[in-house]
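Structure first, commentary second.
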Amino acid sequence: MSPELQQVGREEFVLNMGPHHPATHGVLRFVLHTDGEIMRRAVPEVGYLHRGLEKLAEAHTYAAYVPFTDRINYLESMFCNQVWSMAVERLLGLQVPRRAEYLRVIACELNRIANHCIALGSIAMDVGAYTPFVYLLREREAINDLLEALCGNRLTYHYVRIGGVAHDVDEGWQGKVRAYLDHLEPILDELHSLVGGNEILVRRLGGVAVICASDAVGWGLVGPNLRASGVDWDLRRDRPYSVYPELSFEVPVGRGEQGQVGDCYDRWTVRVAEMRQSVRLLRQALERLPAGDILAKVPRSIKPPAGEVYQPVEGARGELGLYLVSDGSPKPSRAKWRSSSFAALSIVEHLSRGLMIADLVALIASLDPIAPEVDR
Amino acid sequence: MTLWRSIRGTLAALGVTLKAIFRRPATIPYPEVKRVPAPRYRARIVLTRDPRGGERCVACHLCSAACPVNCISMQAAEGPDGRRYAAWFRINFSRCIFCGLCAEACPTLAIQMTPDYELCRRDPLELVFEKEDLLVEDGGKDRDYDFYRHAGIGVAQARGEGSEEEPPADVRSLLP
């Protein structure tokens, strides 16, 4: 090789991926420092979707901010609603009726399945399989229809309110959910035979971008990403809230089926297993749904006493936390969201050293970040 | 072993896609066939009328106070019988986030959410709906509800004769 070419080979090439790129899941930019196909590092640039939702909380009353929480993460609005409501309820010392708690669990688990449909579909699509995405979107539409009949909207639910939920279930709605669950379980098996055992998917995901357990804990990964690395941690079981202690479910962890524990394929399988557990939770919750009120006696003007609270819930992407400070006025003094997508993105730079560009796409897809939740 | 996995993976996937040929399509040809959303669906906001055909809105400003994005504005006026109404009423649908808080706040069931989701206009200014655009000819979700049968000033009946009212006290006779 001539001296000039050797010099060329050592040069770092900076490549922009995004902000508008189909594999970055929203408006998200990665600055790739590459040496040919191999990356030296990939730096996520966040902030394109910053809407000042934390500052907006300070300008709105507690009840009027609930529709804004829908917009924090449009794929898991129900959890955002729930965490805001739970934080305010804890500040107020409100007891939520049991029927409302069960309805929250039902709505949230449906939302979790819908979210994982998108997550799995986009993992498959980003590594080159388009069909599973369409099939999973079809299943998600059915959930959207169910949630539309329950909450009145398909994406921005505005369903979980401070002190309970907004609407009671209609006659026959529970039967529709049961019928859907019976329909979904064979679909999950079908998904495995469609793409889970596919050689291309296995090679693209198995053993790629392995996150070891200590890294996962150290970088603050949560939810399916953390469990895929073999860390057995689920807030629903380990920091019980709502009525989850009354329901039985398992927490799936990554087992390294097609490579190592914590690779992209594990993040795929953990999500599929979580959908099955959500189906199980839904069946139990529908069975046990008690009669009673759906909304506690909430004061007309919500003025929590001065204080602060940190409320986490296990969202579809893991721990979704809210730190809320009240100064005794009708508006919050400070609201800080701890979002799982932001933590997931922070590990990308660490993992990207020596990764191929194509594998970065698999890594981002398997971490399942959502740009609006990163920037808020 | 790997070869067997590849063959099985490919054939199984082909089987699934072949099965999908015989499935009912999940899509609808949209502009020709329109999907009817659930009755609870929150889309275009309307102003409804009471069973006697009068406007229900009493311009109490509760909806505009509840609105988190401040997209409702109105001017209150008073009729000859002392009944309040909205001289003008405006909803800016380019701001509206369809949260439904206005409909929940309304004491007279005047403002209601409808499942009409086709709210696209070429000009954003056409999304500013005035009172005449918002008013519909019937009572919406609860057609029999009449606020003035329950309470209020003498519109449906003489003052103090509503089903949940007591006759007004003569403040002068209460003087010691």
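Side chains are part of it too, since the values below use all heavy atoms of this structure and drop only hydrogens, waters and symmetry mates.
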Do A/Asp263 and A/Gln260 have side-chain atoms, one donor and one acceptor, less than 3.5 Å apart?
-> no
Does A/Arg138 CZ have over 12 foreign heavy atoms under 6.0 Å away?
-> yes
Contacting region of A/Leu147 [heavy-atom separation from chain B under 4.5 Å] | neither
Check the pair A/Val83, A/Trp337 against side chain to side chain contact (heavy atoms under 4.5 Å, CB included), reporting the backbone distance first and the verdict last.
-> CA-CA 10 Å; A/Val83 67; A/Trp337 290 90; 3.2 Å; yes
Checking heavy atoms, do the side chain of A/Arg300, its backbone, both or neither come under 4.5 Å from chain B?
-> neither
Are B/Arg52 and B/Asp50 ion-paired here, with the side-chain N under 4.0 Å from a carboxylate O?
-> yes
Checking A/Ala142 against chain B: side chain, backbone, both or neither under 4.5 Å from a heavy atom?
-> neither
Supply the atom-to-atom distance A/Arg140 CZ to A/Asp145 CG, rounded to the nearest 0.5 angstrom.
-> 11.0 Å
Considering heavy atoms only, which positions within residues 14-36 of chain B lie below 4.5 Å of chain A?
-> B/Val16, B/Thr17, B/Lys19, B/Ala20, B/Arg23, B/Ala26, B/Arg35
Separation between CG (A/Leu286) and CD (A/Gln174), nearest 0.5 Å, reads 5.5 Å
Note, B/Arg44 side chain near B/Pro115 side chain (heavy atom, < 4.5 Å) = no
A/Lys331/A/Glu58 ion pair, N-O < 4.0 Å = no
With chain A, which of B/Ala12, B/Ala38, B/Pro68 has the greatest number of heavy-atom pairs at distances under 4.5 Å?
-> B/Pro68
Please round to the nearest 0.5 Å and tell me the distance separating atom CG of B/Leu47 and atom NZ of B/Lys131.
-> 8.0 Å
Does NZ or CZ of A/Arg71 come closer than 6.0 Å to the centre of the six-membered ring of A/Phe68, within 45° of the ring's axis?
-> no
For atom NZ of A/Lys55, decide whether the heavy atoms of other residues, nucleotides or ligands shown that lie under 6.0 angstrom number more than 12.
-> no
Could you please state which residues from residues 86-100 of chain B sit under 4.5 angstrom from chain A, measuring non-hydrogen atom to non-hydrogen atom, sorted by number, or 'none'?
-> B/Ile97, B/Phe98, B/Cys99
Contacting moiety of A/Val66, where chain B heavy atoms sit under 4.5 Å = neither
Measure the spacing between CG of A/Leu181 and CG of A/Leu110 and express it to the nearest 0.5 Å.
-> 7.0 Å
Atom group of A/Tyr135 that falls short of 4.5 Å from chain B, counting heavy atoms | side chain
Ionic contact status for B/Glu104 with A/Arg161, cut-off 4.0 Å | yes
Side chain, backbone, both or neither of A/Glu148 within contact of chain B (heavy atoms, under 4.5 Å) | both
